[in-house]
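Okay, structure first, notes after.
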Amino acid sequence: MEQVNGVQGSGSKKKYPERSKRYPADFKLQIVKKFLEEGVPAQLLRQECGLGNGTINRWVRIYRSKGEAGLTAGYTGKGRSLPAPVKEKIVEIKESTPLFGIKRISQFLKRAFFLSASPETVRKTLHSKSLMTAPPKKR
């Protein structure tokens with residue numbers, strides 16, 4: 001009797017297994033330095049290391065813009081900064097109505113001025129301007 005191979009609906013094979021490779025920062029740095037300093041062609045490096053077509057170029061671009069820190073896995077860069085006029089508006093609202101709390105200022109900005117600032121961003125802004133008061137202690 002013949003053996004019939006069953007169809008596996010959720011096999012362990014990934015659609016793009018080559019995309020899941022992660023390389024350590026020192027490996028990336030070594031490849032980038034070989035490319036930039038020693039002049040080794042990217043095609044030769046790709047063949048030797050089994051890298052994708054645009055990988056080395058992407059690493060070089062990141063290295064040139066962010067340095068060695070950009071090649072580390074956990075590096076995300078600096079997040080979006082709140083524009084100065086929005087920060088000024090937060091301070092203005094708090095000074096004009098000191099009873100408004102963080103959440104209320106955030107909601108007021110959205111409703112009245114169509115400006116988006118999370119309560120955490122409002123808190124950080126007020127804290128940096130020394131306008132935050134400590135909440136009353138519960139007894």
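If you read the sequence from its start, that first residue is 1, and numbering goes on from there.
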| query | Below 4.5 Å, heavy atoms only, C-beta onward: do Ile90 and Leu82 meet side chain to side chain? | reply | yes

| field | Thr121, Leu115, Thr125, Val122 screened by side chain to side chain contact (heavy atoms under 4.5 Å, CB included) with Val86, the one that passes | value | Leu115

| CZ (Arg104) with more than 12 external heavy atoms under 6.0 Å | no

| Are the aromatic ring centres of Phe35 and Trp59 under 6.0 angstrom apart? | no

| query | What pair of heavy atoms forms the shortest contact from Phe100 to Lys94, and how long is it? | reply | O-NZ, 2.8 Å

| request: Indicate yes or no for a side-chain donor-acceptor contact from Thr97 to the backbone of Ile93 under 3.5 Å, with no hydrogens or angles considered. | output: yes

| task | Quick one: pull up OG1 in Thr72 and NZ in Lys66 and give me the separation to the nearest 0.5 Å. | result | 10.0 Å

| remark: One should read off an interatomic distance between Lys34 NZ and Leu45 CG, to the nearest 0.5 angstrom, of 6.5 Å

| Can you check whether Lys28 reaches Tyr63 side chain to side chain, under 4.5 Å on heavy atoms? | no

| field | Verdict with supporting geometry, Ile102 and Met132, side-chain contact (heavy atoms from CB on, under 4.5 Å) | value | CA-CA 9 Å; Ile102 295 168; Met132 283 290 300; 3.7 Å; yes

| query | Got a sec: does the CD of Glu120 have more than 12 other heavy atoms crowding it under 6.0 Å? | reply | yes

| said: Is any side-chain heavy atom of Ile105 closer than 4.5 Å to one of Leu126? | reply: yes

| query | If only atom types and distance count, is the side chain of Lys110 paired as donor or acceptor with the main-chain N or O of Ala117 below 3.5 Å? | reply | no

| said: Would Ile56 and Leu51 count as a side-chain contact (heavy atoms from CB on, under 4.5 Å) here? Give the steps. | reply: CA-CA 8 Å; Ile56 294 174; Leu51 299 171; 3.7 Å; yes

| said: As an exercise, state the distance from CZ of Arg123 to OG of Ser128, rounded to the nearest 0.5 Å. | reply: 10.0 Å

| query | Are Leu29 and Glu68 close enough that some pair of their side-chain heavy atoms sits under 4.5 Å apart? | reply | yes

| task | Check whether any side-chain heavy atom of Tyr23 lies under 4.5 Å from a side-chain heavy atom of Cys49, and answer yes or no. | result | no

| task | Any chance you could measure Ile62, atom CD1, to Arg64, atom CZ, to the nearest 0.5 Å? | result | 12.5 Å

| query | How far does CZ of Arg61 sit from OG of Ser65, to the nearest 0.5 angstrom? | reply | 8.0 Å

| How long is the span from the CD atom in Glu95 to the CD atom in Glu88, to the nearest 0.5 Å? | 11.0 Å

